[in-house]
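Both backbone and side-chain heavy atoms feed into the values below; hydrogens, waters and symmetry mates do not.
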2 protein chains.
Amino acid sequence: MNVLEKARRMLKAKAVRPTMIRVRLLAYLLAHPVHPTADQLYQALLPGFPTLSKTSVYNTLDKLLEVKLVRLITIDEKETRYDAGTGVHGHFLCKHCSDITDFAANPDYTGCTELSGYQIDDCNVYLTGICKVCLQNINKTQKEEKAV
Amino acid sequence: MNVLEKARRMLKAKAVRPTMIRVRLLAYLLAHPVHPTADQLYQALLPGFPTLSKTSVYNTLDKLLEVKLVRLITIDEKETRYDAGTGVHGHFLCKHCSDITDFAANPDYTGCTELSGYQIDDCNVYLTGICKVCLQNINKTQKEEKAV
DNA sequence: TTACAATATTGTAACCATTACAATTTAATA
DNA sequence: TATTAAATTGTAATGGTTACAATATTGTAA
Ligand SMILES: [Mn+2]
Ligand SMILES: [Mn+2]
Ligand SMILES: [Zn+2]
Ligand SMILES: [Zn+2]
C-alpha cells in the first residue's frame, strides 16, 4: 500500500473527507517526517498541484490538527512546524543546522504534586542544542584551524 | 532586600548595565511569575515609566535572554511568553483559563540512544489540558444543568 | 441524471506580533 | 567637559497567519 492510500485510509478512519489536498498533504507529512513549515508544505506540493493556495494549506492543517492526525510543533519561535508522527515523542532542534529530530520521550507527570487534579491532554518535550553531525564538523574545523 | 534591588544585583552579576528598564522589567517578571507576553509587560510597566516603548521591551527581553536571566516560553502558538524562573521546570497551559503554571520537571535524556553524541543546551516541557479550578467549575456547571 | 445543499478550496486583503533601522538620549570614560 | 559607546525611542516594514467572500466541488435525494 502506497503512502497516498495510507493517508486516504487514515482520513476515512477519522471521518474526514479524503479530498485531494488532504490526502496529498498528509501523505507528504508521512513520507517526509522532517517537521516542515506551512510554507515548505505549500512549496513542496505546488508542482504536483498547481491550483493549490497557501490558505488551503492552513485550512487543511487545521482540519488535520482537529482530528489529531497531525500535531503542531512550536520549538522554533518563528514558524510553526507540523508532524504526522502520532506516537508520543520529543523533538530536538539543532541550533546549527536547524534540523528537528525525534527522540523517545514518554514522561509521566501523574505523580507530580503541582498537577494533581489536572487533566493533561498533550505533552511536548523540546530540547535545543547541537546535533552530533554539527559537533563533529565543528571539531574538524577547529583542528584544521589549529594545524594552520 | 526589595525586588528592584534583587534585579539590580542579578544584572550586575551578569555584567549587564542595570538600567531603569532592565531593572524594572526583570523585577516585574520576578514579582509576577505568570509568564506574561511582551505586550503585557509593556502595559504593566507603562504607568510607572511613561516614556517606555514597545521596542525597548523587546530589546530588553533580548538582552535578558542573551544572559539567560530570562527564558522564553513558546507553549502558546500565538505569542511568546517570558519567564524569570531560572530553575529547570515545566509549563502547563490550561485551555480554559489560559493560565500557565509551573511544575517540577527535570527529565534526563542522557541515556537516550537517539541523542547520544548530541549537545543538549535547553529543555522545555510543555503540557496542555485543563487545570484543577476549571475542571471543578465545569463539574459544578454540569451538575447545575442536570438539576434544572 | 439533475437539483439542491453542504462542504471544500481559492484569492485577496487584513491582522498583528515582531524586527529593522535611523535618530535621539543617556551613561561611561578620559 | 569632551568624546565615545551603549541604550532607548518612534516609525515603518516584515512575514506568518487569519478573515472573509467568491467560486468550485462533493454528497444526497428526488
Ligand atoms: Mn516528530
Ligand atoms: Mn515558569
Ligand atoms: Zn546540526
Ligand atoms: Zn484553567
Just how far, in rounded Å, is [atom2] of [N] from [atom1] of [X]?
{"X": "B:L25", "N": "D:dA7", "atom1": "CG", "atom2": "P", "result": "15 Å"}
{"X": "B:K63", "N": "D:dA5", "atom1": "NZ", "atom2": "C1'", "result": "12 Å"}
{"X": "B:L26", "N": "D:dA7", "atom1": "CG", "atom2": "C1'", "result": "17 Å"}

task: Give me the first and last nucleotide of DNA chain C, going 5' to 3', that has any atom under 4.0 Å from a heavy atom of chain A.
output: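 The protein-touched segment is C:dT7 to C:dT19.
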message: So A:T19, base contact, sugar-phosphate only, or nothing? Heavy-atom distance under 4.0 Å.
response: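 Sugar-phosphate, backbone atoms only, no base.
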message: Students often get this wrong, so: under 4.0 angstrom with heavy atoms, is A:Y42 touching a base, only sugar-phosphate, or nothing?
response: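 It contacts nothing in the nucleic acid.
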message: Using OP1 and OP2 only, check whether a side-chain N or O of B:S53 sits under 4.0 Å from D:dT9.
response: yes
Taking all non-hydrogen atoms of both residues into account, name the closest pair between [X] and [Y] and its distance.
{"X": "A:Y82", "Y": "A:A38", "result": "CE1-N, 4.0 Å"}
{"X": "B:G85", "Y": "B:D83", "result": "N-OD1, 2.7 Å"}
{"X": "A:F92", "Y": "A:I130", "result": "CZ-N, 3.6 Å"}
{"X": "A:L4", "Y": "A:A27", "result": "CD2-CB, 3.7 Å"}

query: Does atom NZ of B:K12 have more than 12 heavy-atom neighbours, drawn from other residues, nucleotides or ligands, at distances under 6.0 Å?
result: no
message: Check this for me, if you would: do B:E5 and B:R9 make a salt bridge, where the nitrogen-to-carboxylate-oxygen distance has to be below 4.0 angstrom?
response: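 Result for this pair is yes, salt bridge flagged.
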Sub-3.5 Å pairs of nitrogen or oxygen atoms, protein against nucleotides 16-18 of chain D:
residue: D:dT17; atom: OP1; partner: A:T80; partner atom: N; Å: 3.2
residue: D:dT17; atom: OP1; partner: A:T80; partner atom: OG1; Å: 3.0
residue: D:dT17; atom: OP2; partner: A:Y58; partner atom: OH; Å: 2.5
residue: D:dT17; atom: O5'; partner: A:Y58; partner atom: OH; Å: 3.3
residue: D:dT18; atom: OP1; partner: B:K78; partner atom: NZ; Å: 2.5

message: Does any part of the side chain of B:H96, heavy atoms only, come nearer than 4.5 Å to the side chain of B:N137, both counted from C-beta?
response: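 Side chain of B:N137 against side chain of B:H96, heavy atoms only: no contact under 4.5 Å found.
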- prompt: Is the cationic atom of A:K132 (NZ for Lys, CZ for Arg) positioned less than 6.0 Å from the six-membered ring centroid of B:Y118 and within 45 degrees of its normal?
  reply: no
- request: Under a 3.5 Å limit for both distances, which nucleotide forms a Watson-Crick or G-U wobble pair with C:dA28, could you say?
  value: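 Checking every strand shown, C:dA28 finds its partner in D:dT3, with both distances under 3.5 Å.
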